[in-house]
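Accompanying notes for the structure given below.
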Amino acid sequence: MASSSSSVRANNKAAPTPASAPIPASTSASASANAATPLTAPPDPASVVTLADLIGQQLKQLNREELLYKDELQLLLLLTPVQRQKLSRDLDDGDVGGGLIGASTSTAPLSRPENAEEDDDLIGAVGGLSISSPTTTTAAATAATTTTTKEPLLDFRTHVLKWFQHLRHQTGNFKSEEESRRLREAGNDSYRKEKHPLKASDLFTEAIFLAPARNTLAAALAHANRSLVLYDCGLYAESYDDCLCALDLGYPEEYLPLIKLRQAACALKMRNFALCEEHLHELLHIELNQVFETRTHELWHQCEVLKVERFEMAVQTGDDLNTNDSKAFEIAWLDNSSSLHTTRAVAKNALIFESEAVALVPSGNCRVCDHCGITQFIPFPCIYCSNRLVVYCSRQCRFKHAAIHAVECFGHQIELFESFGEVFGMPRLLQLALRMLITGLPEMLGHCRKKPTLGKLWSAINGGLLERPDIAYSAVLRLERLKEEKASETVIALALTAHVLTIYLSKCTTFFEQLEKSLPSASRMSSAEWELLCAALLMRHIGQLRHRSLTFCRSFVLPTDPHVFSALNEFQLWAAPMRLQEGHLHLLAGEVAVVSYAVYPDTLSLCRHSCSSTICSKFSGSKMTALALLDLPAGSGIYNCFASGNFQQLRREDRSRQLKDRGIKCHCNACQLSHSDDQFHKFHRYRCDNPKCMEIFTPDVLPHATNLRWWLSEEYTQPEYNGAELIVCPHCGEAQKLEWFWAFTTSLIDCELIEERCKLYAAIERAEAQLMELHECKVALARLLLEQCLMVHREGATVLDDWEFNKLGSIMRAVLPSVIAQYGGQSIEYVKYFAYFWDVMALSNYKCNDRELMQMLNALEFIADEFKDIFINYYEDYIAPKFAEESYGSVVDTQV
């Protein structure tokens, strides 16, 4: 298994800044418009303008008060009035949004000469082709251009192409044939000498990542070696795919019988007898030695025996199935605003709807299949991409995603999308908007009239085509978007970045040629007009994602703290594929993070917001399933919480701030109450440690602690601060000493010593006196305690006995009701915390009662299917057998 996040995060370029932060202005002077840097030599770093510089330069030239526009195309035209005469004539015919406002007089910071020739240096992306230089014009042409335009020439396009070249040279040395060979040899040693196939598989995977595209033999050998390891692990489909990859990449002819024999063996294991016979026939036409010939006949015999033993399973017909196929929800539109309502009564935990994402991109927190979105798989990368985010779980997924990846491939090679992190806090949002465009626009153009112009095409996209139910892209275009009254710096920066992306589409891909082919007949649109159209649609999608359309898909990731567990040693988690080592479940599921961003235009993106959501969203790859959190009568509204937490997890002020950034006004019942934060405060109540007071209170807002979680803030937990004046009782005015917390953090450092662990247990007991029943800090302390104690037990620094395991089990068991109260028994957070509890039960004789166990097993229905299978395997391997033992029932819980 391979879901390591360390290699994924390795290529991130810079710490992102918030999207709303001011864009830094450039202090460097612009280069000449006609100066072109040869591609064969790296550009001078001093002459390269970064994306932040480019955007900063344009913002300095703009007067935002003069930017008056009605839609995205008008905004882009104000910023990029290319070939104005043709566009104005076109737009007069098409009447886009009532015509341009101020287009003829405003300064155009992204303009290029009106009489400039069309760029003909189209760059192919797939296959690692290099960037060609911007077209160099003569001095006479430059002089003529200067006299024919009054607009300043700021060389935006030229600098963007130079920036692409700079990124290309910056990312060109990530792959190494020598390093790939070294890792391949290390994998061979691990497999043959150490007898550790999973470790060998990880080493071969790294060898594949580092194999250069110019020499595919290195990748072919790594795929072939990994196929043998995967076959021994029982991953026959993945092993067969590796064989195909090795053959595609030029595996040596002299070893062809070895690969063909392995393909036949994999096909036989997968019970694909026709495919097995096909490969065996191929072997019979190859000159084989005696060993291979004998093995070929053995496979023939096994195949014939299995074919005889095969029998047809009885298949239940549709008439025999008792299912309720009636749709549980309907969509209502009012003033371009959508809402979902139930069409029939829906019981708690029942299915309301499920749908596939129309577009999905990885977040970078772990390895995700770029097509289907799963996280636990053997990766099959694109050999040309240096970015390790672009991986697939199978050749089938890679094939299905080929049309999209063909457009994005070169962008991944130069790490274009990561580079957006220099300016924006969520660079993947821009990639998701691009994916929405390249997925949907070609389909829509097939329904357009003959020879469309820019204005008529834009009018059709906003008119008749928008209501077509037979066009999937129409549902995407109908999504609500964030509306801002004025052109803020963020909006302009996003518009400029959309223009950068369209320059990428024009100069680095064949996407515009694909658009022309999608039309019924040739259009009258130039490359510049295609750029404007695509930039306008990108801006629309960005506005949609900044509103309600963006969905954060959360799942389990490996621990981010390398002291707890190094992602480079992930193979140590597994006893076999999908089966963990005893006591390692909390490492796989102890962290929850956003693993991908997705768009669900027909379901989740249409829900209204409420801080008390009525649905629980389960994300399993690209598939989203919405289950009812409570009984819903027919006609009930279906609400989703678009803040990062509900009314029990975040204060009203923090929720309102997050929702305001997304253009959402909340009017839910939880926010309308006079004491709207009472449900949040019950998880943060203290008893004053002053013996003369002993009152119960909730502290005021802490300036350096988000949502009163001071134990997560370094401002309060560093030794030099010692919690001075951290929490003050409002009744007596006394600062709380919190001695139990400082004793806990001190002893946690040396918890391999039994004396320090006893201090930890004592600190937990003292905390019980001050932290009220459901306090969130109890959960955090219990998790830290179990994480460290299980680590020292796992590493062999000390061996915990049954008394200590009972102690740890009781501590974690005591805080699970608090997790259920705050997050719900259907939440991924609940599963995260009881993973620690399951490890204690697996390693000791401690157990819970049957009711608690059933609640935990039921919660597995709300996590991704791949992790559900791993949890079920862990339960069957280590926990269920102990529940079956008669002597097991005599264990008495240890009280903390």
Side-chain angles (χ1 to χ4, degrees), residues 1-2 180-181 183-208 211 216-307 377-381 383 392-399 576-578:
M1 304 305 297
S180 177
R181 181 189 61 79
L183 287 169
R184 193 171 69 250
E185 292 175 353
N188 292 336
D189 291 340
S190 178
Y191 178 67
R192 294 170 180 167
K193 299 177 181 179
E194 301 178 24
K195 306 298 182 183
H196 205 312
L198 293 175
K199 179 181 178 181
S201 174
D202 282 358
L203 290 169
F204 289 138
T205 298
E206 286 298 306
I208 294 170
T216 58
L217 180 60
L221 295 174
H223 274 292
N225 290 7
R226 192 176 70 171
S227 71
L228 174 61
V229 173
L230 296 180
Y231 181 86
D232 287 351
C233 292
L235 299 173
Y236 304 117
E238 290 83 353
S239 176
Y240 186 87
D241 278 354
D242 263 337
C243 292
L244 291 177
C245 289
L247 294 174
D248 290 345
L249 295 171
Y251 193 69
E253 287 286 339
E254 58 266 30
Y255 302 129
L256 186 61
L258 184 65
I259 287 292
K260 291 295 179 182
L261 199 63
R262 194 172 301 147
Q263 284 182 294
C266 289
L268 185 63
K269 291 290 186 179
M270 293 187 293
R271 296 297 189 267
N272 192 333
F273 303 118
L275 187 60
C276 177
E277 291 177 346
E278 177 183 339
H279 292 304
L280 292 175
H281 275 296
E282 292 174 345
L283 284 167
L284 293 178
H285 291 82
I286 302 175
E287 185 176 349
L288 305 174
N289 60 29
Q290 185 176 359
V291 175
F292 281 102
E293 189 173 351
T294 302
R295 179 57 180 156
T296 301
H297 288 295
E298 289 178 355
L299 287 176
W300 263 116
H301 177 70
Q302 294 175 18
C303 184
E304 293 300 323
V305 170
L306 290 174
K307 285 171 63 177
F377 59 93
I378 301 297
F380 289 83
I383 191 173
Y392 302 94
C393 64
S394 64
R395 282 173 58 94
Q396 183 181 16
C397 275
R398 192 167 69 179
F399 174 77
M578 303 298 286

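A 4.5 Å side-chain heavy-atom check between Pro197 and Leu228 finds every atom pair outside the cut-off. Within the 4.5 Å cutoff, no side-chain heavy atoms of Gln302 are placed close to those of Lys269.
The two residues Ile286 and Pro257 have their closest heavy-atom pair at CG2-CG, 3.9 Å. Residues Leu249 and Thr216 approach most closely at O-OG1, 2.8 Å, considering heavy atoms. Of all heavy-atom pairs spanning Pro381 and Arg398, the tightest one is O-NH1, 2.9 Å. The two residues Gly187 and Ala200 make their nearest non-hydrogen contact at O-CB, 3.4 Å. Nearest heavy-atom pair across Gly250 and Leu217 is O-CD1, 3.7 Å. The minimum heavy-atom distance between Ala265 and Leu299, with the atom names listed, is N-CD1, 4.1 Å.
Here His279 pairs with Tyr240 under the ring-ring contact (aromatic ring centres under 6.0 Å, His included) rule; sequence neighbours left out. By the salt bridge (charged side-chain N to carboxylate O under 4.0 Å, His left out) test, Glu293 pairs with no residue at all, sequence neighbours left out. Partners of Lys199 by salt bridge (charged side-chain N to carboxylate O under 4.0 Å, His left out), not counting sequence neighbours, listed by chain and number: Glu194. Applying the side-chain contact (heavy atoms from CB on, under 4.5 Å) rule to Thr296 yields the partners Leu261, Leu280, Leu283, Leu284, Leu288, Trp300; only residues at least two apart in sequence or on another chain are considered. For Asn188, the side chain to side chain donor-acceptor pair (under 3.5 Å) criterion is met by Asn225, not counting sequence neighbours. Take Arg295 and apply the salt bridge (charged side-chain N to carboxylate O under 4.0 Å, His left out) test, not counting sequence neighbours, and it matches Glu298. Remark: Ser239 pairs with no residue by the side chain to side chain donor-acceptor pair (under 3.5 Å) rule, at least two apart or across chains. Listed by chain and number, the residues in a side-chain contact (heavy atoms from CB on, under 4.5 Å) with Ala207 are Ser180, Leu183, Arg184, Ala222 (sequence neighbours excluded). In this structure, the side chain to side chain donor-acceptor pair (under 3.5 Å) partners of Arg262, at least two apart in sequence or on a different chain, are Ser227.
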Practice problem: Give the intermediate values and the outcome of side chain to side chain contact (heavy atoms under 4.5 Å, CB included) for residues Glu206 and Asp202. | Solution: CA-CA 6 Å; Glu206 286 298 306; Asp202 282 358; 5.9 Å; no
Self-check item: side chain to side chain contact (heavy atoms under 4.5 Å, CB included) assessment of Gln263 paired with Leu275
Solution: CA-CA 9 Å; Gln263 284 182 294; Leu275 187 60; over 6 Å; no
Quiz prompt | Residue pair Leu258, Phe292: steps toward the side chain to side chain contact (heavy atoms under 4.5 Å, CB included) verdict | solution = CA-CA 8 Å; Leu258 184 65; Phe292 281 102; 4.0 Å; yes
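A distance of 12.5 Å separates OH of Tyr392 from CZ of Phe399, quoted to the nearest 0.5 Å. Note that the CZ atom of Phe204 and the NE2 atom of His223 stand 12.0 Å from one another [nearest 0.5 Å]. In this structure, Cys276 SG and Leu306 CG are separated by 9.0 Å, a value rounded to the nearest 0.5 Å.
No side-chain donor-acceptor contact under 3.5 Å links Ser190 to the backbone of Ala186.
Relative ring orientation between Tyr231 and Tyr236 is described as perpendicular, the plane-to-plane angle rising above 60° on a 0-90° scale split at 30° and 60°.
Counting only residues at least two apart or in different chains, side chain to side chain donor-acceptor pair (under 3.5 Å) contacts with residues 246-256 comprise Asp248-Arg395. Residue pairs that meet the salt bridge (charged side-chain N to carboxylate O under 4.0 Å, His left out) test with at least one member in residues 233-245, sequence neighbours left out, are Arg226-Asp242.
Remark: Gln396 CD is loosely packed, at most 12 non-hydrogen atoms of other residues, nucleotides or ligands lying under 6.0 Å away.
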